[in-house]
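As the structure lists them, so they are numbered: ligands from 1, and atoms in each ligand from 1.
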Amino acid sequence: MDFIIDIDDLNTKLEDRGWERIGLQFPEGLKPFAGKVIRALREGLGDENIEFIVSGSSCYGACDVSDKEFLKVEADGMIHFGHAEIPAIRGNYHIPVIFIEMQADVDATMVVKKALDSGLLKGVIGLTTTVQFVHELPDMQNLLERRGKDVRIGIGTDRLAHPGQVLGCSFSSALAVPDTDVHLFVGEGLFHPLGIALATGKPVIAADPRSRELKDLEEEKNKVLKQRFGVIQKLKDSGDIGVVLSTLPGQKRMELATSLLRKGRDKGKNMNLITASHLNPMSLRNIGAEVFVSTACPRVAIDDYSLFLEHGIVMATPIEFLIAIGEMKWENYVLDTID
Ligand code: SF4
């Protein structure tokens with residue numbers, strides 16, 4: 001397994017709680033390890049009467065806790081693996097939840113060394129990462145400082161559990177350190193560093209600890225901006241627009257959705273509200289809107305853009321809609337966030 005879970009600590013927590021029917025929720029990438037985790041928990045607890053139930057539903061992130069699902073099958077409590085709890089929604093669950101963050105079993109300082117040697121890190125550095133590598137932030141910071149760098153790790157909003165952490169819906173830790181010249185994002189994928197680049201307007205270097213690849217985000221940013229400009233034109237030309245409202249507690253933005261409906265109607269657009277827990281193109285494609293504006297997870301419109309487009313669906317963000325109706329300027333374009 002590429003991740004480390006402290007099974008002994010988890011077993012102690014479970015012994016303290018005395019649960020007998022326990023729900024387990026894993027993000028997609030970790031579901032293959034469910035069997036291994038259950039075996040380790042059984043061995044540690046040594047109690048044959050404990051029943052573990054694995055959620056087979058999809059799991060988007062820490063905003064998508066399957067407490068209601070496990071309540072229906074009378075679980076005493078549940079464990080949500082892989083994500084840090086979102087402080088802003090802490091306690092809003094129907095059964096007790098233990099969050100187990102999974103730490104990547106990779107030495108992230110190796111790619112930080114590579115970034116240092118590349119000469120790309122000039123001036124004051126803003127350091128960010130995702131929850132899988134957040135435990136390595138002190139080592140990364142030490143390494144950078146030993147090489148004479150001035151490093152800033154920002155504390156974001158209560159959407160984020162850790163200083164320096166970013167989520168696809170919050171880059172607030174990067175915004176909390178405005179006096180930086182460059183941001184170093186250590187983690188996988190390009191969505192988070194793209195969000196940081198657009199939110200801060202500063203150069204961003206993405207350093208992937210597994211592949212040890214470095215990427216300057218400038219080119220990717222321009223590519224995505226070109227695509228999003230096209231989406232805004234489509235919104236301008238469309239008469240029928242669907243506003244998608246997520247029913248997941250950590251994604252539900254009712255006020256935003258209703259304000260978009262009102263603003264669109266004031267501009268003469270035919271606006272309809274559509275609810276969904278998990279968005280998928282097959283369920284949306286027959287609804288008949290020309291363009292959808294997603295107030296759900298901000299990643300949907302950007303990361304899954306091509307997936308929706310394959311089914312003839314154009315998915316936009318609330319910010320793109322506001323630009324299309326003249327309430328925001330294109331020059332101020334940023335990714336949508338939930339902060
Ligand atoms: S809203 Fe999206 S990015 Fe934010 S926690 Fe949920 S799944 Fe992750």
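- Of all heavy-atom pairs between L235 and A324, the closest is CB-CB, 3.6 Å.
- Geometrically, R159 does not engage F171 in a cation-pi contact, judged by NZ or CZ lying under 6.0 Å from the ring centre and within 45° of the ring axis.
- Between S66 and M78 the shortest side-chain heavy-atom distance falls below 4.5 Å.
- The hydrophobic clustering, which links ILVMFWY residues whose side-chain heavy atoms are closer than 4.5 Å, places Y60 and F70 apart.
- For atom 1 (S) of ligand 1, the nearest protein heavy atom (residue, atom name, distance) is R159 NH2, 3.6 Å.
- The side-chain tip of R299 points at the ring of F191 from less than 6.0 angstrom away and within 45° of straight on.
- The count of protein N, O or S atoms under 2.8 Å from atom 6 (Fe) of ligand 1 stands at 1, with waters excluded from the count.
- In this structure, the side chains of L284 and F292 come closer than 4.5 Å at one or more pairs of heavy atoms.
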